[in-house]
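Accompanying notes for the structure given below.
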Amino acid sequence: MELRHLRYFVVLAEELHFGRAAERLHMAQPPLSQRIRDLERELGVTLFDRTRQRVRLTEAGALLLEHARPILEGSEAAREAMRRIRPGAAGVLRAGVPPDTVPLALRTLVTTFAERVPDVLLELHELTTEAQLAKLREGELDVGLVRHPCDTVGLTSGPVVHRRLGVILPERHHAADHEVVRLRVLSGSPLVIFPREMAPRLYDHMLATCRDNGFLPGAIRHARNPQFVHGLVLAGLGVHLNEPPAGALPPGLVWRPIDEPRLTWSTSVVWRPAHSDDAITAFADAALTGLRAADHT
């Protein structure tokens, strides 16, 4: 039995209304209903009587509620105890960052944060936007650095930093000698892009913007690792939209700016409102400093 399923159960038992419980859990109603059904199947009992007019606990549900609350309280107490014995007198800040965060931005973020709150240990996790949002809502992260557009309902977001994208091309590509590449001249070229599950709204936005500008890719190829991306482009298997490279590209590749200002990495810090404190404020400021430092490379 997963702790998060117990948490879903307890919130629904307190609200006795799927809509209110889903809102409190910062999730949609259908996934909540599915998780409750999963828990009932696992336990072999019916936990709630459901009608159109009301939701109420069954006898089994009331009994589980008596046991579930102490379990969740004990789990949170254990989690807090483990955080307190970690290095850093004031505790630990669990933060997510995108896998492709440039080294200068990351270095600036870490050093600036350490200067602001030296008694807090910064525990960084390399996570996609979707993974960060899920872990924030589950309480497994304190703060995240995410790419927009994304679903931040129920979360607080700091200032958004925009970084214009360009295109990485094989140097033999017909657009490689353009000072600024018009997206429509790329039409028919395959596009190498991150998998949609990493950031669905951003993925859809990028493809829609390409389409609006007359860039209809001949194929879509997905890649996460920058070295794999560069290998695909170098092999002539696609072009890749990304920010200016932090260092030299592999021989045979070039980066060129594009003519579409809507294609950006739009990044901000997000956190749960109830968790706002000095450490999160320091992280938000440090991340902003790091992103702006990278923007001036």
Side-chain angles (χ1 to χ4, degrees), residues 1-86 88 90-96 120-121 123-125 127-144 146 150-157 197 200 269-277 279-280 283:
M1 186 189 311
E2 294 188 27
L3 281 177
R4 62 175 179 170
H5 289 173
L6 274 185
R7 180 168 173 262
Y8 297 157
F9 163 75
V10 169
V11 172
L12 181 57
E14 292 172 350
E15 296 292 341
L16 293 178
H17 187 282
F18 276 91
R20 289 195 300 269
E23 183 177 357
R24 185 170 150 191
L25 289 163
H26 307 295
M27 65 188 300
Q29 186 172 328
L32 173 60
S33 299
Q34 183 60 52
R35 298 294 84 77
I36 296 300
R37 287 195 295 269
D38 291 344
L39 183 60
E40 288 177 326
R41 279 196 295 269
E42 181 181 353
L43 297 176
V45 296
T46 299
L47 299 172
F48 295 93
D49 284 328
R50 307 160 174 86
T51 68
R52 289 178 179 269
Q53 289 75 31
R54 66 181 181 180
V55 176
R56 65 180 183 180
L57 279 169
T58 63
E59 183 178 349
L63 180 60
L64 179 60
L65 185 60
E66 291 182 17
H67 291 278
R69 280 180 170 144
I71 290 172
L72 292 177
E73 290 169 2
S75 171
E76 185 56 35
R79 190 193 305 271
E80 182 62 24
M82 292 304 99
R83 291 183 66 183
R84 289 184 181 278
I85 65 171
R86 295 285 297 276
V92 179
L93 187 74
R94 301 165 300 171
V120 176
L121 175 67
E123 183 182 277
L124 289 176
H125 299 266
L127 296 166
T128 67
T129 288
E130 282 300 290
Q132 289 186 58
L133 294 173
K135 288 182 177 292
L136 280 166
R137 292 184 170 113
E138 290 293 334
E140 297 175 12
L141 275 186
D142 301 310
V143 64
V146 301
C150 61
D151 180 11
T152 58
V153 173
L155 302 173
T156 300
S157 181
E197 62 267 20
V269 173
V270 296
W271 64 94
R272 295 174 67 180
H275 289 178
S276 183
D277 59 19
I280 286 179
F283 180 86

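FYI, side chains are in, hydrogens and waters are out, and symmetry mates aren't considered; it's all heavy atoms of this structure. For clarity, every value in this text was computed on a predicted model and none was experimentally measured.
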Would you say [X]'s side chain and [Y]'s backbone share a donor-acceptor pair under 3.5 angstrom?
X    : Y    : value
R56  : D49  : no
T152 : L155 : no
R50  : F48  : yes
E123 : V92  : no
S33  : Q29  : yes
T58  : L47  : yes
H17  : G19  : yes
E15  : R20  : no

Self-check item: Steps toward side chain to side chain contact (heavy atoms under 4.5 Å, CB included) verdict (W271, V269)
Solution: CA-CA 7 Å; W271 64 94; V269 173; 3.7 Å; yes
Which atoms form the tightest heavy-atom contact between [X] and [Y], and what is the distance?
X    : Y    : value
T46  : A60  : O-CB, 3.8 Å
R137 : R272 : O-NH1, 3.9 Å
L136 : V143 : CD2-N, 3.6 Å
C150 : L133 : CB-CD1, 4.0 Å
L64  : L6   : CD1-CD2, 4.2 Å
S75  : L3   : OG-CD1, 3.3 Å

Quiz item: Under 6.0 Å from the CZ atom of R41, do we count more than 12 heavy atoms belonging to anything else shown?
Solution: yes
Exercise. Assess whether side chain to side chain contact (heavy atoms under 4.5 Å, CB included) is satisfied between V45 and E40, documenting all intermediate values.
Key: CA-CA 5 Å; V45 296; E40 288 177 326; 5.7 Å; no
Practice problem: List the steps, then state whether side chain to side chain contact (heavy atoms under 4.5 Å, CB included) holds for E197 with E130. | Solution: CA-CA 7 Å; E197 62 267 20; E130 282 300 290; over 6 Å; no
Does a side-chain heavy-atom distance below 4.5 Å link [X] with [Y]?
X    : Y    : answer
R54  : L16  : no
R69  : E14  : yes
L127 : K135 : yes

Once rounded to the nearest 0.5 Å, what's the spacing between atom [atom1] of [X] and atom [atom2] of [Y]?
X    : Y   : atom1 : atom2 : result
D38  : H5  : CG    : NE2   : 6.0 Å
L32  : F9  : CG    : CZ    : 12.0 Å
D142 : R94 : CG    : CZ    : 4.0 Å
L57  : L12 : CG    : CG    : 8.0 Å

Exercise. Applying side chain to side chain contact (heavy atoms under 4.5 Å, CB included), run through F18 and V55 and close with a yes or a no.
Key: CA-CA 8 Å; F18 276 91; V55 176; 3.9 Å; yes
